There are 2 protein chains.
Amino acid sequence: MPTKSLLDRKAAGSTIKKMKATLSRERVLKTAAQVFAEKGYAGTTMRVVAERAGLQAGSLYYHYRSKEELIEAVLSMGLRGVADSVRLAVAAVPETASARELIDTAIIAHLTSLLEYGDYALASRRLLGQVPPRIRRKHIDLRDEYGDFWLALLETALGSGELRPGVDLHLARAFTLGALNYALEWYRPGGKPLEEIGSEFSLMICDGIFSRRLSE
Amino acid sequence: MPTKSLLDRKAAGSTIKKMKATLSRERVLKTAAQVFAEKGYAGTTMRVVAERAGLQAGSLYYHYRSKEELIEAVLSMGLRGVADSVRLAVAAVPETASARELIDTAIIAHLTSLLEYGDYALASRRLLGQVPPRIRRKHIDLRDEYGDFWLALLETALGSGELRPGVDLHLARAFTLGALNYALEWYRPGGKPLEEIGSEFSLMICDGIFSRRLSE
DNA sequence: GTCTATACTTTGATAGAC
DNA sequence: GTCTATCAAAGTATAGAC
């Protein structure tokens with residue numbers, strides 16, 4: 001039955017093509033995240049991304065229609081990835097838990113997923129000001145929604161009386177996220193285990209780096 | 001005496017020219033810092049810097065020989081400015097002061113001068129990875145020297161028993177500088193006074209955001 | 001899907017008039 | 001000191017062969 005055989009071969013060929021397309025597309029995206037994070041938006045050329053992904057420059061345009069479409073994909077991955085991970089982790093905390101446990105979970109989830117998303121997270125936090133206005137607005141909104149989530153988390157802790165009374169929640173959020181996001185600049189795998197870093201950071205954020213003076 | 005008069009006029013003209021040159025040079029540098037901080041290294045064009053500084057593109061090259069020379073000047077200003085301010089402030093603390101007072105001073109000086117140097121500080125921290133290799137190395141060294149200074153500061157505090165025992169000094173430094181440097185991203189003048197922000201940050205870094213549980 | 005070739009645009013930098 | 005004019009290099013993106 002030549003007809004069926006032909007169909008089979010055709011179907012098989014199409015499937016392989018799609019798999020190849022998906023693989024290439026992901027490799028391009030990952031490479032783009034690396035280069036964007038390192039060189040900035042304008043400093044990233046389609047030629048370099050293509051070269052590092054093992055393609056010719058023209059071939060990129062089969063997977064992404066433009067440089068703008070490429071940076072959009074990178075930014076979304078970096079912002080949504082981390083935000084979703086943290087929301088998920090926090091949602092899994094039992095209702096009975098203290099606000100401290102909630103924030104402890106959020107801190108560790110943020111740090112962990114941030115480093116897991118690596119160059120995506122880096123690019124999405126470094127390049128927001130460099131990309132074309134339309135893209136910038138969209139992703140600044142994403143970032144701010146996640147910021148609101150953190151503010152709500154801190155409000156809970158303040159409401160339950162666990163935060164130091166009178167603490168400025170906006171400052172506390174900036175303080176926390178700043179300390180955590182900076183890990184993108186210094187963290188290198190191979191040192192202290194990530195879980196350890198996470199719990200030490202959580203301790204520093206919640207209780208500071210100085211000894212407690214019980215006399216106070 | 002036409003001779004003397006001529007000399008006078010010539011000297012006066014030369015002086016005015018020099019003043020004009022200095023003014024333009026500084027305006028160009030300041031403008032460059034703004035654009036670099038916003039758009040990244042490659043995203044900053046000499047034409048845009050010139051335009052915002054009220055000059056034609058070609059005229060920039062009278063003040064700076066190249067784009068590289070321009071970014072070097074911006075980076076140096078941002079890194080040296082903050083580092084020198086903090087060292088100066090710490091050096092002025094009395095010998096009798098506690099390590100806590102020393103670090104409190106450093107925190108506030110870092111935050112204050114960081115925001116004072118604004119776009120210079122921003123550019124020098126965002127663009128290190130984007131600039132040509134030769135320039136990058138030089139300024140990464142500058143940044144690392146300042147990092148050593150902070151590590152020494154924390155070692156002092158650990159040595160005097162004021163830090164929580166067993167705290168990882170490298171992590172504590174990353175934690176502190178991360179929280180502080182992030183202010184470059186969110187701080188806008190017009191809100192809470194900078195002194196207030198400084199002391200609240202110092203409190204959060206040293207004692208955390210949670211209430212102290214005296215029972216522990 | 002990927003390659004080669006190429007059209008079009010922008011950029012850093014220079015030269016010479018004023 | 002600043003301007004105008006201009007060049008060579010490098011960038012994004014497209015078109016058509018394979």
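In what follows, every chain begins at residue 1, and chains take the letters A, B, ... in the order their sequences are listed. All values derive from a computational prediction rather than experimental measurement.
Legend: residues meeting salt bridge (charged side-chain N to carboxylate O under 4.0 Å, His left out) with E116(B), ordered by chain and number and at least two apart, are absent. With sequence neighbours left out, the salt bridge (charged side-chain N to carboxylate O under 4.0 Å, His left out) criterion links E101(B) to no other residue. Remark: K30(A) pairs with no residue by the salt bridge (charged side-chain N to carboxylate O under 4.0 Å, His left out) rule, at least two apart or across chains. For the side chain to side chain contact (heavy atoms under 4.5 Å, CB included) test, residues two or more places apart in sequence or in another chain that qualify with Y61(A) are M46(A). The side chain to side chain contact (heavy atoms under 4.5 Å, CB included) test applied to R52(A) returns T31(A), Q34(A), V35(A), E38(A), V48(A), not counting sequence neighbours. Annotation: salt bridge (charged side-chain N to carboxylate O under 4.0 Å, His left out) contacts of D168(B) (sequence neighbours excluded): K192(A).
Taking atom OH of Y64(B) as the reference point, atom C1' of dG12(C) lies 17 Å away to the nearest angstrom. Across the protein-nucleic acid pair, E69(B) atom CD and dG12(C) atom C1' stand 14 Å apart, rounded to whole Å. Per the geometry, CD belonging to E51(B) stands 14 Å off C1' belonging to dT10(C), to the nearest Å. If you take CD of Q56(B) and C1' of dA5(D), they are 12 Å apart, rounded to a whole angstrom.
With a 3.5 Å limit on both pairing distances and Watson-Crick or G-U wobble geometry required, the stems of 3 or more pairs in DNA chain D span C:1-18 with D:1-18.
Looking only at distances, no side-chain donor or acceptor of R173(B) sits under 3.5 Å from a matching main-chain atom of L154(B). Under the 3.5 Å distance criterion, the side-chain polar atoms of R27(A) are matched with a main-chain donor or acceptor of A53(A).
When R136(B), R134(B), K138(B) are each tested for a salt bridge (charged side-chain N to carboxylate O under 4.0 Å, His left out) with E68(B), only one passes: R134(B).
Within residues 24-43 of chain B, the residues that place at least one heavy atom under 4.0 Å from DNA chain D are, in residue-number order, S24(B). Across residues 126-136 of chain B, not one residue has a non-hydrogen atom less than 4.0 Å from an atom of DNA chain C.
The T45(A) side chain lies nearest to dG11(D) when the options are dT2(C), dG11(D), dT2(D).
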Could you go through residues 124-132 of chain A and list every donor-acceptor pair under 3.5 Å that involves a side-chain atom there, pairing it with any protein atom two or more places apart or in another chain?
from	atom 1	to	atom 2	distance (Å)
S124(A)	OG	Y120(A)	O	3.1
S124(A)	OG	A121(A)	O	2.9
R125(A)	NH1	A121(A)	O	3.4
R126(A)	NH1	A37(A)	O	2.7
R126(A)	NH2	E185(A)	OE1	2.8
Q130(A)	OE1	Y41(A)	N	2.9

Quick one: side chains of residues 175-182 of chain A, donor-acceptor pairs under 3.5 Å with protein atoms, not counting sequence neighbours, listed by atom name and distance.
from	atom 1	to	atom 2	distance (Å)
T176(A)	OG1	A172(A)	O	2.7
N181(A)	OD1	H110(A)	NE2	2.8
N181(A)	ND2	L177(A)	O	3.4

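Ring geometry for W150(B) against Y146(B) counts as perpendicular: the plane angle is over 60°, on a 0 to 90° scale with 30° as the lower cut.
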Scoring nucleotides 13-18 of chain C by protein non-hydrogen atoms under 4.0 Å (B base, S sugar-phosphate only, - none) yields BB----
